[in-house]
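Following: one structure in structure tokens, then a few remarks.
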Amino acid sequence: VQLQASGGGLVQAGGSLRLFCAASGRTLSRILVAWFRQAPGKEREFVAAMSWSGYSTYYAVSAKGRFTVARDSASTTVYLQMNNLKADDTAVYYCAADAAPSLTDSSRARSTPRSYRYWGQGSLVTVSS
């Protein structure tokens with residue numbers, strides 16, 4: 001699986017941004033795609049994830065109600081729609097993917113970066129207050 005991330009940029013607090021993660025490979029139907037973020041001086045943290053089918057989605061408490069992870073059925077690009085952005089959302093955002101069953105069975109596994117073998121490059125999101 002290969003992941004190509006894009007999007008990001010500078011936005012004012014309260015604004016919106018959309019990040020994209022283009023996936024390619026032969027086993028996409030079995031993967032779970034996740035978004036993580038890492039702010040300066042902090043550990044990488046889980047933001048959201050979805051099964052490739054879109055049937056299951058998962059969100060960190062900080063993202064619930066403001067962020068949406070989804071994929072158009074005809075596309076191999078997963079996006080993260082971020083609304084009502086806050087200064088605390090400033091970070092480098094990464095998409096990640098893997099096909100391990102534990103990712104759907106365990107929230108702990110799903111939210112742990114080392115559970116994922118495949119990563120896209122980071123996209124910087126800066127929210128000005």
Going hydrophobic residue to hydrophobic residue with side-chain gaps under 4.5 angstrom, can you get from [X] over to [Y]?
X: Val78; Y: Leu3; value: yes
X: Val125; Y: Tyr79; value: no
X: Val92; Y: Trp35; value: no
X: Tyr118; Y: Tyr116; value: no
X: Leu85; Y: Tyr59; value: yes

Rounded to the nearest 0.5 Å, how far apart are [atom1] of [X] and [atom2] of [Y]?
X: Thr104; Y: Arg110; atom1: OG1; atom2: CZ; result: 7.5 Å
X: Cys95; Y: Gln4; atom1: SG; atom2: CD; result: 8.5 Å
X: Glu45; Y: Tyr93; atom1: CD; atom2: OH; result: 7.5 Å
X: Gln38; Y: Glu43; atom1: CD; atom2: CD; result: 8.5 Å
X: Leu103; Y: Ser51; atom1: CG; atom2: OG; result: 11.5 Å
X: Ile31; Y: Asp98; atom1: CD1; atom2: CG; result: 8.5 Å

Checklist entry - side-chain contact (heavy atoms from CB on, under 4.5 Å) between Met82 and Arg66: does it pass, once the steps are laid out? => result CA-CA 6 Å; Met82 304 183 292; Arg66 298 189 301 128; over 6 Å; no
Locate the shortest heavy-atom distance separating [X] from [Y]; write the atom from each residue and the value.
X: Gln121; Y: Ala5; value: NE2-O, 2.8 Å
X: Ser111; Y: Pro113; value: O-CD, 3.6 Å
X: Ser102; Y: Ala109; value: O-CB, 3.6 Å

Next on the checklist: The criterion is side-chain hydrogen bond (donor to acceptor under 3.5 Å, both in side chains); which residues satisfy it with Arg30, sequence neighbours excluded?
Outcome noted: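 Counting only residues at least two positions away or on another chain, Arg30 forms no side-chain hydrogen bond (donor to acceptor under 3.5 Å, both in side chains).
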Next on the checklist: Checking Tyr94 now: which residues fulfil side-chain hydrogen bond (donor to acceptor under 3.5 Å, both in side chains) with it, not counting sequence neighbours?
Outcome noted: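 Listed in chain order: nothing, the list is empty.
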Checklist entry - Aromatic rings Phe36 and Phe46: how do their planes relate, parallel, tilted or perpendicular, breaks at 30° and 60°? => result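 The arrangement is perpendicular - the two ring planes meet at more than 60°.
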Checklist entry - When you look at Val1 and Arg117, which way does the side-chain contact (heavy atoms from CB on, under 4.5 Å) test go after all the steps? => result CA-CA 9 Å; Val1 176; Arg117 289 176 292 172; over 6 Å; no
Distance-only donor-acceptor pairs under 3.5 Å for side chains of residues 8-21, two or more places apart:
from, atom 1, to, atom 2, distance (Å)
Ser16, OG, Asn83, OD1, 2.9
Arg18, NE, Gln81, OE1, 2.7
Arg18, NH2, Gln81, OE1, 3.1

Next on the checklist: Is it the case that the side chain of Thr126 and the backbone of Thr90 share a donor-acceptor pair, with hydrogens and angles ignored and the cut-off at 3.5 Å?
Outcome noted: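 No, because the side chain of Thr126 does not come within donor-acceptor range (under 3.5 Å) of the backbone of Thr90.
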Checklist entry - Would a distance-only check, ignoring hydrogens and angles, find a side-chain to backbone donor-acceptor pair under 3.5 Å from Arg71 to Ser75? => result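 Side chain of Arg71 to backbone of Ser75: a pair is present.
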